[in-house]
> 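Please find one structure pasted underneath; my questions will follow.
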Amino acid sequence: MSNRFPPYIVQILSALTAAGYEAYVVGGAVRDLLSGQTPGDFDVTTSARPEQVCEIASRKGWKIVDKLGQNMGVVVVVVDGHGTEVATFRGERYSTDVHRPAEVWFCDNLRDDLSRRDFTVNAMAMDLDGRVYDYYGGQEDLKRRILRTVGDPRRRYAEDALRMYRACRFVAQLDFTYVEGSDTPDDVRWDYDPARSLEDNLRRGAAEAAAFEAEHGTPYGFGMPGTPYFLRKRYVFDTSRCKELSLERVRTELEKMLTSRAAGKGLMLYLATGLADCSCRVRERGQDTYVPVLPELRHLVNLHQNPRYHCYDVWEHTLQAVDNGPRDLILRWALLLHDVAKGLPGVRGVNKEGQPSDHGHEKESAKLAQGIFPRLGYARPFVKRAVWLIANHMRFAPMLIAKKNTLYRWVRSEAASGRFRSEAELAEAYAQVAAVFLADMGATWSGIRHDPVFDDGRALAREVVHIAATEVPVHTGDLALSGKDVQGLLPPQSPLTVGEALQYLLRRVQNGSAANDAEALKELLRHKLDRELHKGGTGDDPQA
């Protein structure tokens, strides 16, 4: 196993052990190596004190880049251009700060150092020869795909409140099941059988829920029984200390969770434990304010939808849509919030069959997102694009019937709207909204059963991206004629400037009355000039 350590890590471990100190790779790198994955980075723990690490680094000619970290027992050593945290065995005591320890002391053995870590699968160490040191059951939990705290979860989370958010993130990244105490995955996760149809799983889940509630008189688990995301057992975290976490740190964990391979599982735990309902701290100009994270998600749980189209409630439909989407931050955010207004007063209604309807939910969801994203600190370009994706994710549905004419009108209106700077940007936006549409559709009966209408949806998505990328210019720079080309066509006393001529041609192509072809545009401009010269006009044209 040690031969999977990169050369710079081998050099650090070798130098420390040659000097008579213990040294190990620790944490997530060990977990990843044991799982057959390539670690993203490596951390080293050692019995050497920070000053001794610095002395060894100096002898080797290695650079030290973080001397302030020595107060916490951490030295960042740079070997062959790679910065590595080398931390002395230590213990920690937490106080009022909900993320940073109030006191750090050095300890003399690896076991005590590992005891302070968050989860068992992150509390393992490996030496230079590949021997694994596991005092808290990390290897067994790794085999069973379990995420469990080292010791009492209440103590671990009281020490560092960010660990609660990290729990959800690791569930999403590793595709593990979160458990506490002696619980097993069978105690927590619904026994979803992918070999059965979704209908069968839902029937089994509903029957088990009814039997449980009849026996105990209390609701069964969390979520929609019978789906891949349902939790038999709901863990509720003590989130009272989350308020003092910085919003930046919480958002970072949320982003990592959203872009993970099992984002839906992490999000289910995130909502079930109460973390979405928390507020976090934002410090500006020395003043603290507290902003809610995502309480807007709470009402989506067990929110019924029209069974003609939907196999899930709104929340589990959202989770499936997120998992269906590409692992891109803006797309995952758009999918998380694409139906967030469903069920709200003024949106939720009943159709003529007596089934729930949420007409116009995409516009109201976009309005909610318009407030959520700035609150969480996202920059204006990100907000504008994400909100646009949410507002437009339902535009494809009527086009499955109306087809091409409606599709062209939509792209042309967006090209002329001023929202986009170039044809390339327009095409990017349509590729993104097509991905959101397909991920959303894939979380309905049509997508899960792969009905022909889902194939039509994929074809429609490809077509709209092609139109946006090749047929509808946004800026005069997207025209098949350049400003230099136009200048060569204008007579000495031209009634049009180059800019006016380009704008005229752009409008004609955008409204569909001309093709973006060089020869066609030249001919169109010649006719325009003839009309202007004949009437002695100023450039006004009713067709412009």
> Looking only at atom types and distance, does a side-chain atom of Asn306 sit under 3.5 Å from a main-chain N or O of Arg308, one as donor and one as acceptor?
yes
> Classify the angle between the aromatic ring planes of Phe212 and Tyr220 as parallel (below 30°), tilted (30 to 60°) or perpendicular (above 60°).
tilted
> Is the closest basic N to carboxylate O distance between Asp118 and Arg156 below 4.0 Å?
no
> Report yes if some heavy atom in the side chain of His317 is under 4.5 Å from a heavy atom in the side chain of Asp440; otherwise report no.
yes
> Check for a donor-acceptor pair, side chain of Trp190 on one end and backbone N or O of Leu231 on the other, with a separation under 3.5 Å.
no
> Are any side-chain N or O atoms of Arg232 and backbone N or O atoms of Gly221, one a donor and one an acceptor, separated by less than 3.5 Å?
no
> Report yes if some heavy atom in the side chain of His338 is under 4.5 Å from a heavy atom in the side chain of Ser365; otherwise report no.
no
> Can you check whether Gly27's main-chain N or O pairs, donor with acceptor, with Arg117's side chain at less than 3.5 Å?
no
> Between Arg332 (side chain only) and Gly325 (backbone N and O only), is there a donor and an acceptor less than 3.5 Å apart?
yes
> For atom OH of Tyr290, decide whether the heavy atoms of other residues, nucleotides or ligands shown that lie under 6.0 angstrom number more than 12.
yes
> Does the pair Cys107 and Asp113 meet the rule for a side-chain contact (heavy atoms from CB on, under 4.5 Å), with working shown?
CA-CA 7 Å; Cys107 58; Asp113 178 79; 4.3 Å; yes
> For the residue pair Arg251 and Tyr378, would you count it as a cation-pi contact if the rule is NZ or CZ under 6.0 angstrom from the ring centre and within 45 degrees of the ring axis?
yes
> Hey, does Ile330 have a side-chain heavy atom less than 4.5 Å from the side chain of Phe382?
yes
> Examine distances only and state if a side-chain atom of Arg169 and a backbone atom of Gly266 form a donor-acceptor pair shorter than 3.5 Å.
no
> For a quick test of reading the model, state the closest non-hydrogen atom pair linking Tyr312 to Ala443 and the distance between them.
CD1-O, 3.7 Å
> Going by side chain to side chain contact (heavy atoms under 4.5 Å, CB included), Tyr157 matches just one of Leu162, Asp238, Thr149. Which one?
Thr149
> Less than 4.5 Å apart, any side-chain heavy atom of Val236 and any of Thr273?
no
> Please report the shortest heavy-atom distance between Ser35 and Arg31, naming the atom on each side.
OG-O, 2.9 Å
> Which heavy atom of Thr88 sits nearest a heavy atom of Ser47, and at what distance?
CG2-O, 4.4 Å
> So, does Asp339 use its side chain to make a donor-acceptor pair with the main chain of Lys342 at under 3.5 Å?
no
> Can you tell me if Arg145 has over 12 outside heavy atoms packed within less than 6.0 Å of its CZ?
yes
> Mark yes when over 12 heavy atoms from residues, nucleotides or ligands other than Arg155 sit less than 6.0 Å from its CZ; otherwise mark no.
no
> Is a side-chain N or O of His361 found less than 3.5 angstrom from the main chain of Arg348, in a donor-acceptor match?
no
> Report the distance from atom CG of Leu267 to atom CG of Leu271, rounding to the nearest 0.5 Å.
8.5 Å
> Minimum heavy-atom separation for Ile390 and Ala369, please, with both atom names.
CD1-CB, 3.6 Å
> If you take all heavy atoms of Leu389 and Ala334, which pair is closest and at what distance?
CB-CB, 4.0 Å
> Where do Phe5 and Leu33 land on the side-chain contact (heavy atoms from CB on, under 4.5 Å) test, with the steps shown first?
CA-CA 9 Å; Phe5 292 164; Leu33 287 170; 3.6 Å; yes
> Knowing that exactly one of Phe396, Trp388, Phe437 qualifies, which makes a ring pair (Phe, Tyr, Trp, His ring centres under 6.0 Å) with Tyr430?
Trp388
> Could you please spell out the steps behind the side-chain contact (heavy atoms from CB on, under 4.5 Å) verdict for Val44 and Thr84?
CA-CA 7 Å; Val44 171; Thr84 302; 4.1 Å; yes
> Do Gln11 and Asp80 have a side chain donor and acceptor closer than 3.5 Å?
yes
> Quick one: are Val387 and Gln370 in side-chain contact, heavy atoms under 4.5 Å?
yes
> For the residue pair Trp333 and Phe373, does the interplanar ring angle fall in the parallel (under 30°), tilted (30 to 60°) or perpendicular (over 60°) class?
perpendicular
> Heavy atoms, side chains only, cut-off 4.5 Å: are Phe170 and Val121 in contact?
no
> Write down the atom of Tyr178, the atom of Pro153, and the distance for their closest heavy-atom approach.
OH-CB, 4.2 Å
> Using only atom types and a distance under 3.5 Å, with no angle test, would you say the side chain of Asn201 pairs donor to acceptor with the backbone of Asp193?
yes
> Looking at Glu248, I want to see if its CD is surrounded by more than 12 non-hydrogen atoms of other residues, nucleotides or ligands under 6.0 Å.
no
> Hey, does Glu316 have a side-chain heavy atom less than 4.5 Å from the side chain of Gln305?
no
